[in-house]
Amino acid sequence: MKHNLKKALALLMALALACGAVACSGSSDSTTDGDSSTGSSSAAESSAADASESAAASEAGAESSAADGEAEETEEVELIVFAAASMTETLTEIKETYEAAHEGVTITYNFDSSGTLKTQIEEGAECDLFISAGQKQMDQLDITADAEVNTDGLDFVLEESRIDLLENRVTLCVPDGNPAGIESFDDLAEKLAEGSVFMAMGNEDVPVGQYTQKILAYYGLDEDELANAGCITYGTNVKEVTTQVSEASVDCGVIYCTDAYSAGLEIVDYATAEMCGQVIYPAAVLKTSANQEAAQEFLDYLTTDEAMAVFESVGFAPVA
């Protein structure tokens, strides 16, 4: 009996211990669940914070990219344009319009005789776009031109960029009042033969001088004889010839229509194509240019109606 009682008491104690263990386990699980919930909340908060930081970083990156894009759009470009002196007034006006519409683009001109500009390019002068007053000077830089003209095999012209941009006219101009009473090229030829007139013309390396040489040859006049007789004086470019006529230091001068217009000179005659051929102004981007794309864009603009209106206002014409 005692043995059975001891056995029963032992069983009851075992049951009590088991119940206690279960209760502790429940409490522990509850505590664990609470901790897990708290941990989940903290993790969520951390994740939200990370997401916020990521969004902020993304936004900052987008702003930075946008800023970089704007910087690229407004990248500073200086275009160096070598152009015949007869284009000074028109290209200066076009420069103001173009720069106003193209932020970051600055155009720097070098105006001179086409022969001088060609030599400067050949000698390594920095130039993006060349506009000549004659085909010869452009041909001398173009590897695709006749080898009899491009005798040195120079290769400066960017392939497919060359165009015939404008046409000008060769004119016979006189000072105010026309003191020598020169009426036409025919009249000039007679007076030159008589040695009774003093004429200004461009040097032989200047397109306007080359056109004048053709006119003299057309009338069968010997340039060297006339120069030795004191009937001819020279200018290094068309602007110098124009100045001599404007200052009345000569009786007349052979210049372009555009220069006569700009200087307000009286034109007494126009040379025909039979006398000296067409006066074509070719233009081309150079292979040595560091800004070929920008130079091509500017050249394209020069062919637009807006730019042509400026050229035509002083006597230029689109090439027919």
Side-chain angles (χ1 to χ4, degrees), residues 61-135 137-145 154-166 168 237 239 258 262 280-314 316 318-319:
E63 289 175 356
S64 176
S65 296
D68 289 343
E70 289 177 3
E72 289 177 2
E73 290 176 3
T74 58
E75 181 181 356
E76 297 291 329
V77 175
E78 180 187 13
L79 284 180
I80 300 176
V81 179
F82 281 26
S86 52
M87 305 184 76
T88 301
E89 290 79 13
T90 50
L91 285 180
T92 298
E93 181 178 342
I94 287 171
K95 163 188 167 75
E96 296 177 2
T97 303
Y98 192 81
E99 288 181 348
H102 295 77
E103 185 179 357
V105 176
T106 300
I107 299 171
T108 299
Y109 291 125
N110 178 20
F111 294 112
D112 211 322
S113 72
S114 300
T116 297
L117 297 176
K118 173 261 174 186
T119 299
Q120 290 174 353
I121 291 170
E122 181 181 357
E123 292 176 348
E126 187 176 353
C127 175
D128 297 303
L129 176 65
F130 178 38
I131 309 175
S132 172
Q135 299 284 17
Q137 289 72 23
M138 187 67 76
D139 286 343
Q140 289 173 331
L141 297 173
D142 190 349
I143 194 64
T144 66
L154 301 179
D155 187 13
F156 284 87
V157 174
L158 183 65
E159 187 178 357
E160 298 184 357
S161 72
R162 179 173 175 174
I163 62 171
D164 289 337
L165 179 62
L166 298 166
N168 207 339
N237 58 51
K239 291 300 181 186
T258 51
S262 299
I280 303 298
Y281 283 51
V285 177
L286 299 189
K287 285 185 176 180
T288 52
S289 167
N291 303 293
Q292 291 181 359
E293 184 176 348
Q296 184 64 60
E297 288 177 4
F298 181 58
L299 178 54
D300 291 342
Y301 174 76
L302 295 180
T303 67
T304 64
D305 291 342
E306 184 177 21
M308 277 297 167
V310 177
F311 290 130
E312 290 175 353
S313 71
V314 299
F316 280 115
V319 178

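Both backbone and side-chain heavy atoms feed into the values below; hydrogens, waters and symmetry mates do not.
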Checklist entry - Nearest heavy-atom pair of Phe111 and Ala85: which atoms, and what distance? => result CB-CA, 4.2 Å
Checklist outcome for this item: Contacts of Thr144 meeting side chain to side chain donor-acceptor pair (under 3.5 Å) (sequence neighbours excluded), chain-then-number -> Asp142
Item to check | Criterion side-chain contact (heavy atoms from CB on, under 4.5 Å) on Gln137 and Leu117, from CA distance to verdict | outcome: CA-CA 9 Å; Gln137 289 72 23; Leu117 297 176; over 6 Å; no
Next on the checklist: Would you compute the distance between atom CD1 of Ile131 and atom CD1 of Ile163 and round it to the nearest 0.5 angstrom?
Outcome noted: 8.5 Å
Next on the checklist: Less than 4.5 Å apart, side chain to side chain, heavy atoms only: is that true for Gln120 and Asn110?
Outcome noted: yes
Next on the checklist: Taking the side chain as everything from C-beta on, heavy atoms only, tell me whether Leu91 gets closer than 4.5 Å to Leu302.
Outcome noted: yes
Item to check | OH on Tyr109 to CG on Leu129, rounded to 0.5 Å | outcome: 9.0 Å
Next on the checklist: I'd like to know if the side chain of Gln296 reaches the main chain of Val285, judged simply by a donor and an acceptor atom lying under 3.5 Å from each other, with no hydrogens or angles considered.
Outcome noted: no
Item to check | Met87 versus Ala83, closest heavy-atom pair with distance | outcome: SD-CB, 4.4 Å
Item to check | CG-OG distance between Leu79 and Ser289, expressed to the nearest 0.5 angstrom | outcome: 7.5 Å
Checklist entry - What residue pairs, at least two apart or across chains, pass salt bridge (charged side-chain N to carboxylate O under 4.0 Å, His left out) with a residue in residues 282-304? => result Asp155-Lys287
Item to check | Validation row, ring centre Phe316 to ring centre Tyr281 under 6.0 Å | outcome: yes
Item to check | Expected output: side-chain Ser132 to main-chain Ser114 donor-acceptor under 3.5 Å | outcome: no
Item to check | Pairs where residues 77-94 contributes a residue and the test salt bridge (charged side-chain N to carboxylate O under 4.0 Å, His left out) is met, not counting sequence neighbours | outcome: Glu89-Lys239
Checklist entry - Ile280 and Gln135: which non-hydrogen atoms are nearest, and at how many Å? => result CG2-NE2, 3.4 Å
Checklist entry - Rounded to the nearest 0.5 Å, how far does OG1 of Thr119 lie from CG of Leu141? => result 8.5 Å
Checklist entry - Who are the side-chain contact (heavy atoms from CB on, under 4.5 Å) partners of Glu159, not counting sequence neighbours? => result none
Item to check | Contact summary for Phe156 and Ile121, nearest pair of heavy atoms | outcome: CE2-O, 3.5 Å
Checklist entry - Once you round to the nearest 0.5 Å, how far does CZ of Phe130 lie from CG of Leu158? => result 15.0 Å
Checklist entry - Closest approach of Val157 and Ala284, non-hydrogen atoms and distance? => result CG1-CB, 3.7 Å
Item to check | Minimum heavy-atom distance between Leu299 and Ala283, given as atom pair plus value | outcome: CD1-CB, 3.7 Å
Checklist outcome for this item: dist Thr108:OG1 -> Phe82:CZ (nearest 0.5 Å) comes out at 10.5 Å
Checklist entry - Pairs in or reaching into residues 105-130: which pass salt bridge (charged side-chain N to carboxylate O under 4.0 Å, His left out), with residues at least two apart or in two chains? => result Lys118-Glu122
May I have the list of side-chain donor-acceptor pairs in residues 306-313 shorter than 3.5 Å, sequence neighbours left out?
from	atom 1	to	atom 2	distance (Å)
Glu306	OE1	Tyr301	OH	3.1
Ser313	OG	Val310	O	2.6

